[in-house]
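Worksheet: one structure, shown below.
Quick note on labels: first sequence line is chain A, next is B, and so on, each numbered from 1.
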Amino acid sequence: MAIEETSTSSYRAPGAGHALRLAPMSFDPLNILTERVRHAIAGAFPSNAGADPMVTVSRNLKLGDFQCNAAMALAKAVSLPPREVATALVAKLNADETFLRLASPLAPGAIAGPGFINITLRPDALPAMLDALGMSNLGMPAPASGPIVVVDLCGVNLAKQMHVGHLRSTVIGDTLARILDRTGCRVIRQNHVGDWGLPIAMVTARLMDMDAAGKIDLQTLTLDGLDKAYKAAQRECDADEKGLAAATKWHMGPKVIAELEAHVDGASTKYEDAKRVLRQLQAREPSVMRVWQRISDVTMTQCLAIAARLNSIVTSEHSAGESSYAEELAPLVDQLIALGITEVSEGALVIRVDDAGISEPLIIRKSDGAFLYATTDMAAIRRRVQTFGASRVVYCVDARQGLHFKQVFAGAERAGFTKLPTGERATLEHAAFGTILGEDGRPFKTRTGESVKLSDLISNAEASAMDVLNAESPDIAPADRPAIARAVSIAALRYADLSTERIKDYVFSAQRMMSFKGNTGPYLLYAYVRMCSIFRKAGERNLLDPAGPQRGTAGFTLNIIEPAEKTLALAILRYPSAVNESARTLEPSRLCAYTYELATAFSQFFDACPVITADDEATRRSRLRLCELTRQVLHDALETLGIQTLERM
RNA sequence: GCGGGCGUAGCUCAAUUGGAUAGAGCACCUGACUACGGAUCAGGAGGUUAGGGGUUCGACUCCCUUCGCCCGUACCA
C-alpha cells in the first residue's frame with residue numbers, strides 16, 4: 001500500500017518498510033471485498049491484475065453497503081466500455097464462493113451509472129464477523145508489536161504559564177501517541193522543554209538578584225510569580241538591546257540621548273548579567289544551577305499537572321529538555337563540519353538545504369559562536385533515531401514552524417542522522433496544527449489582549465459542565481458531580497480540539513462546545529452512558545450471564561435483522577480501519593468522525609430497537625450482544641482519543 | 001518580492017484523497033405511544049464549493065489564473 005503524501009512535510013526513504021500496512025482480516029468486510037475484487041480483476045483482465053480494486057464504503061447507503069469503482073479506471077486500460085468491464089467483474093464475483101458467503105449475488109441492477117458496482121452484504125454474514133472482532137482485541141494488533149515511534153508533544157517553556165497555544169500540542173500530540181500505540185507501535189513521548197538558553201538565563205539572573213535582595217523566597221515560588229519575573233526580565237533586556245542599537249545612531253537630540261543613556265545603563269547591566277549567568281549555566285555552576293533547578297521544578301510540576309487534567313499522558317519521564325542536549329552540541333557541530341556539509345556564511349555556520357527546495361540555509365551556529373534551537377533539534381533527531389531506534393518521528397508542533405522543520409529535516413538527512421542502526425531510514429514528520437481563534441476570527445486572547453491561561457480555560461469548562469449537570473441530572477448525588485463535570489468538560493475540550501482537520505485554524509467557542517448537543521464530546525459520552533444504563537437494567541432483571549465475560553453477553557447469538565442493527569454492525573466493523581487511517585495520516589479528526597458515526601448509529605438503534613423490552617428472548621439477547629460490542633468499541637475509541645468514559649452523567 | 005496555507009449552507013465544520021443527487025451539527029420550523037436516560041430520534045428549509053479558464057467518462061479535490069484572508073521568510077524559540 002502506498003503511503004500518500006499528506007499536508008505534513010516528510011522525508012521518507014524509497015522502499016522503506018512501514019508497519020501500517022493493512023492485512024486482510026476476517027472481520028473487516030472492506031478488506032475481504034477488496035481482495036475478492038482484486039481476484040476478479042486478475043481473472044477477467046489478467047494483463048491488469050495489479051489494478052486498484054477501489055472498493056469503499058458506499059457513498060449513498062441507499063444504494064448498497066459498499067461500492068466498487070474499478071471498472072471506470074480499468075476501462076481505459078483494456079479499451080472497453082466501462083459497463084462491459086463492470087459486467088465482466090460482476091460475473092467473476094458471482095462465481096466466487098468467498099464473495100457470496102459475504103455479499104448478496106450481484107443482480108444486473110447492481111451496475112449503476114458509468115460503471116459503479118453496488119455491493120450489499122448478507123445480514124447473516126455479519127454475526128461471524130462481529131464475533132471475530134470481539135474475540136481479537138477489536139481487530140488491533142498486540143501492544144508493542146510494531147516499530148518504535150517518537151512523538152514530540154507539549155513543548156512547554158520554563159518560567160511560563162501554559163496558554164492556549166499549548167493546548168493543541170498537548171492534546172493532539174497525546175492523541176497521536178495513543179493512536180500510534182493502538183496500532184501496535186512502541187511509542188516514546190518526548191516533551192521538548194524549552195529550558196535552556198539566554199531567555200532562561202535572563203529570568204534566572206533576575207531571580208538570583210531578587211533572592212539576594214530578599215524580595216522573594218525561592219522555596220515558595222509559584223509559576224505565576226515565575227511568569228511575571230520572566231516577562232519583567234524579558235522587558236528589561238529587550239529594552240537594553242533596542243536601546244543599545246538606538247544609542248549607536250547619533251542622530252537624536254541631546255535630551256533623547258541623555259534619557260536613553262540613563263535607561264541603557266540600567267538595562268545594559270541586566271543584559272550583561274544575563275549573559276554572565278548563561279555562561280555559568282553552561283558551566284553548570286552549582287549556585288546558578290540551584291536556582292535553575294528550582295525554576296524547572298516549579299514549572300514542570302505545574303505543567304505536568306495541567307497535562308494530567310487534560311487527560312494527556314505527559315510525565316517527567318517524557319521530559320527531554322533542551323538542557324539535556326547542551327553537552328552534545330559542540331561535538332555535534334564538529335561532526336557536521338567533519339562531514340563537510342557546513343559552510344560559513346555571513347559569520348554563521350550553516351548547512352545548505354537547496355536540494356530540498358529551500359533557499360534559506362539551516363543555521364547551526366551563530367556568528368557569535370552560540371548554538372541555537374536548530375542545533376538542538378538536530379541533536380534531538382540524532383538521539384531519537386540512532387539511540388532510541390525510532391523509525392518514525394512525529395513533531396506535534398504549531399504550523400508556523402513549518403519552514404524550520406523543513407530545514408532541520410533536510411539538514412538531518414544530509415548529516416545522515418535519519419539512518420537507523422539497522423541501516424533503514426527513519427521518517428520525520430511535522431504533524432502541524434493551526435491556530436485557535438476567538439469568535440472574532442483573530443487569535444484567541446482575553447479581552448485585555450493577553451493569552452488565555454490554560455488552567456483558566458479548563459476551570460471555566462469545568463464550571464460550565466457543572467452547571468449543566470446540576471440542571472439536567474438531579475438524580476446524581478451532589479458528591480459525585482465534580483468528578484463527572486471534570487470528565488465531561490475535558491471530553492468537550494479535547495473533542496473540540498481533535499475533531500477538525502489538524503492543519504486548519506479553528507474557532508474556539510466555549511458556548512458551542514459546552515452546549516453538549518450534536519457533534520460534541522459529551523454526545524459521545526452520553527451514548528456510552530445509555531449503553532451502561534441498559535446493562536444496569538439487564539443486570540437487575542437477571543437477563544445476563546453473571547459469570548460470563550463481556551458483561552455477560554459472550555454466549556449470546558447475534559441476529560442482524562433491522563436496518564438500524566445492520567448499520568450499527570457495519571459501523572462496529574469499520575473500527576480497525578478507522579484507527580489505522582488515523583495513524584497513517586496522523587489525523588485524529590478521522591477517528592473522531594468515526595466515533596461520532598458509531599455513536600449516531602447507536603442512537604438510531606436505541607430509538608428503533610428495544611433491547612430490554614424486546615419481543616422475544618432471542619432478539620433481546622442478540623441486541624444485548626450488539627450493545628456490548630458497541631460499548632467495547634466506543635470505549636476503545638474514546639480511550640484512544642484520551643476521553644475518559646463514565647457510567648453515569 | 002518569494003514561499004506556504006486557507007476560502008464549502010446564516011454560523012461551526014465534513015466529504016473515505018478523482019466518483020453517483022456536496023453531507024453533519026448549531027440556529028430556525030414541524031413531529032416522536034409520559035420515554036430500555038429527551039444531553040435523544042424522525043422530518044423540513046437552507047449551496048453557482050470565492051470568481052474565471054483548463055485536464056476527462058466524472059473535479060470541492062488535480063493544473064493555470066484573478067481576488068480575499070492568514071502565516072513564514074538567516075543568526076529568537
Margin query: The side chain of A/Gln401 is closest to which nucleotide in this list: B/rA77, B/rA74, B/rA20?
Written below: B/rA77

Notebook entry, point to check: Does A/Tyr373 get its side chain close enough to the base of B/rA77, under 3.5 Å, for a donor-acceptor pair?
Noted result: yes

Next item on the list: Mark yes or no for a side-chain to base donor-acceptor pair under 3.5 Å between A/Ser515 and B/rA39, with no hydrogen or angle criteria applied.
Entry: no

Item checked: C1' atoms of B/rA15 and B/rA9, separation to the nearest Å -> 14 Å

Next item on the list: State whether A/Arg442 and A/Asp440 are salt-bridged, where the test is any N-O pair (Lys NZ or Arg NE/NH1/NH2 against Asp/Glu carboxylate O) under 4.0 Å.
Entry: no

Notebook entry, point to check: Quick one: A/Asp475 CG to B/rG38 P, roughly how many Å, whole number?
Noted result: 12 Å

Next item on the list: Give one of base, sugar-phosphate or nothing for A/Cys592, where a contact means two heavy atoms less than 4.0 Å apart.
Entry: nothing

Next item on the list: Quick one: pull up CD1 in A/Ile119 and CG in A/Asp65 and give me the separation to the nearest 0.5 Å.
Entry: 9.5 Å

Checklist line | Within-4.5 Å side-chain heavy-atom neighbours: A/Arg648 and A/Asp480 | finding: no

Next item on the list: Would you classify A/Asn69 as touching base, sugar-phosphate or nothing, given that sugar-phosphate means primed atoms plus P, OP1 and OP2, and contacts are heavy atoms under 4.0 Å?
Entry: base

Check: Considering only B/rG37, B/rA74, B/rG4, which nucleotide approaches the side chain of A/Lys406 most closely?
Finding: B/rG4

Next item on the list: Among B/rG37, B/rA77, B/rC36, find the nucleotide with the atom closest to the side chain of A/Arg648.
Entry: B/rG37

Next item on the list: Indicate yes or no: at least one non-hydrogen side-chain atom of A/Cys396 is less than 4.5 angstrom from one of A/Arg502.
Entry: no

Next item on the list: With C1' as the reference atom in both, quote the distance from B/rA42 to B/rA24 in angstrom, rounded to an integer.
Entry: 16 Å

Notebook entry, point to check: At under 4.0 Å between heavy atoms, what does A/Leu403 touch on the DNA or RNA strands: base, sugar-phosphate, or nothing?
Noted result: sugar-phosphate

Next item on the list: With heavy atoms under 4.0 Å as the rule, sort A/Ile363 into base, sugar-phosphate or nothing.
Entry: base

Check: Can the ring centres of A/His192 and A/Tyr373 be said to be less than 6.0 Å apart?
Finding: no

Next item on the list: Rounded to whole angstrom, note down the P distance from B/rC26 over to B/rC62.
Entry: 30 Å

Check: Taking atom P of B/rG4 as reference, at what distance in whole Å does atom CZ of A/Arg502 sit?
Finding: 19 Å

Checklist line | Student check: side-chain heavy atoms of A/Ile490 and A/Ile643 closer than 4.5 Å | finding: no

Checklist line | Separation between the C1' atoms of B/rC6 and B/rA50, rounded to whole Å | finding: 12 Å

Item checked: Base-pairing assignment for B/rA74 (Watson-Crick or G-U wobble, both under 3.5 Å) -> none

Note to self: Can you check the distance between B/rG19 and B/rG58, where both ends of the measurement are the C1' atom (answer in whole Å)?
What the structure shows: 7 Å

Check: Any side-chain heavy-atom pair from A/Tyr575 and A/Leu591 closer than 4.5 angstrom?
Finding: yes

Next item on the list: Return the 5'-most residue of the pair A/His404, A/Glu360 with respect to RNA chain B, ranking by each residue's nearest nucleotide.
Entry: A/Glu360

Margin query: Taking pairing as Watson-Crick or G-U wobble with both contacts under 3.5 Å, can you name the mate of B/rA24, or confirm there isn't one?
Written below: B/rU12

Note to self: For the backbone of A/Met466 and the side chain of A/Asn470, can you confirm whether one donor and one acceptor N or O come within less than 3.5 Å of each other?
What the structure shows: yes

Next item on the list: Tell me what A/Glu322 touches on the nucleic acid: a base, only sugar-phosphate, or nothing, going by heavy atoms under 4.0 Å.
Entry: sugar-phosphate

Checklist line | Whole-angstrom distance between B/rU48 and B/rG7, as gauged at atom C1' | finding: 15 Å

Notebook entry, point to check: Do A/Tyr325 and A/Phe371 have ring centres separated by under 6.0 Å?
Noted result: no

Check: A/Arg442 near the nucleic acid: base, sugar-phosphate alone, or nothing, with a heavy-atom cut-off under 4.0 Å?
Finding: sugar-phosphate

Check: B/rC71 P sits how many Å from A/Leu437 CG, rounded?
Finding: 10 Å

Notebook entry, point to check: How close or far is atom C1' of B/rA24 from atom CD of A/Glu597, stated in whole angstroms?
Noted result: 10 Å

Note to self: Using a 6.0 Å cut-off, check whether atom CG of A/Asp368 has over 12 heavy atoms from anything other than its own residue.
What the structure shows: yes

Check: Between A/Glu343 and A/Arg414, is the closest basic N to carboxylate O distance under 4.0 Å?
Finding: no

Note to self: Taking A/Glu628 first and then A/Arg625, would you say they form a salt bridge - that is, a charged N and a carboxylate O separated by under 4.0 Å?
What the structure shows: no

Notebook entry, point to check: On RNA chain B, nearest-nucleotide positions of A/Ala608 versus A/Gly197: which is more 5'?
Noted result: A/Ala608

Note to self: Tell me the interatomic distance from A/Arg83, atom CZ, to B/rG58, atom P, rounded to whole angstroms.
What the structure shows: 16 Å

Check: Over how many whole Å does the gap from A/Arg590 atom CZ to B/rU17 atom P extend?
Finding: 8 Å

Item checked: Nearest-Å distance once atom P is located in both B/rU30 and B/rU16 -> 36 Å

Next item on the list: Sticking with atom P, work out how far B/rC64 lies from B/rG5, rounded to a whole angstrom.
Entry: 12 Å

Checklist line | Nucleotide nearest A/Glu472 (side chain, heavy atoms from C-beta), chosen from B/rG37, B/rA39, B/rA74 | finding: B/rA39

Item checked: Ring centers of A/Tyr523, A/Tyr596 separated by less than 6.0 Å -> yes

Next item on the list: Both distances under 3.5 Å, Watson-Crick or G-U wobble: report the partner of B/rC67, or none.
Entry: B/rG7

Check: How close or far is atom P of B/rG4 from atom CG of A/Asp398, stated in whole angstroms?
Finding: 19 Å

Next item on the list: Assign B/rU17 to syn or anti; the rule is syn for a glycosidic angle within 90° of 0 and anti otherwise.
Entry: syn

Next item on the list: Find the partner of B/rA45: check Watson-Crick (N1-N3 plus N6-O4 or O6-N4) and G-U wobble (N1-O2, O6-N3) distances, both under 3.5 Å, and reply none if neither fits.
Entry: none

Check: Given side chains that start at C-beta, do those of A/Phe116 and A/Met72 come closer than 4.5 Å, heavy atoms only?
Finding: yes

Next item on the list: Could you please name the partner base of B/rA35, counting Watson-Crick and G-U wobble pairs only when both distances are under 3.5 Å?
Entry: none

Item checked: A/Arg59 side chain near B/rA20 phosphate (N/O to OP1/OP2, under 4.0 Å) -> yes

Check: Strictly by modelled atom types, are A/Tyr506 and A/Asp497 linked by a side-chain donor-acceptor pair under 3.5 Å?
Finding: yes

Note to self: Tell me which residues in residues 111-118 of chain A lie within less than 4.0 Å of RNA chain B, going by non-hydrogen atoms.
What the structure shows: A/Ala112, A/Pro114, A/Phe116, A/Asn118

Notebook entry, point to check: Choosing from B/rU40, B/rU56, B/rA20, which nucleotide comes nearest the side chain of A/Lys76?
Noted result: B/rU56

Check: When we call it a touch if two heavy atoms are under 4.0 Å apart, what does A/Pro610 touch: a base, just sugar-phosphate, or nothing?
Finding: base

Notebook entry, point to check: Would you call A/Lys537-A/Glu540 a salt bridge at under 4.0 Å N-O?
Noted result: no

For nucleotides 41-45 of chain B, print each protein N/O atom paired with a nucleotide N/O atom at under 3.5 Å, atom names and distance only.
from	atom 1	to	atom 2	distance (Å)
B/rC41	OP1	A/Tyr523	OH	2.7
B/rC41	O2'	A/Asp607	OD2	2.7
B/rA42	OP1	A/Gln604	NE2	3.0

Notebook entry, point to check: Contact class for A/Ala348 (heavy atom, under 4.0 Å): base, sugar-phosphate, or nothing?
Noted result: base

Any protein N or O atoms within reach of nucleotides 7-13 of chain B? Criterion: under 3.5 Å, listing atom names and distances.
from	atom 1	to	atom 2	distance (Å)
B/rG7	OP1	A/Lys504	NZ	3.1
B/rU12	O2'	A/Arg512	NH1	3.0
B/rC13	OP1	A/Val507	N	3.0

Check: Between A/Arg400 and B/rG4, is there a side-chain N or O to OP1/OP2 distance below 4.0 Å?
Finding: no

Next item on the list: With a 3.5 angstrom cut-off on both distances, give the Watson-Crick or G-U wobble partner of B/rG58, or none if there isn't one.
Entry: none

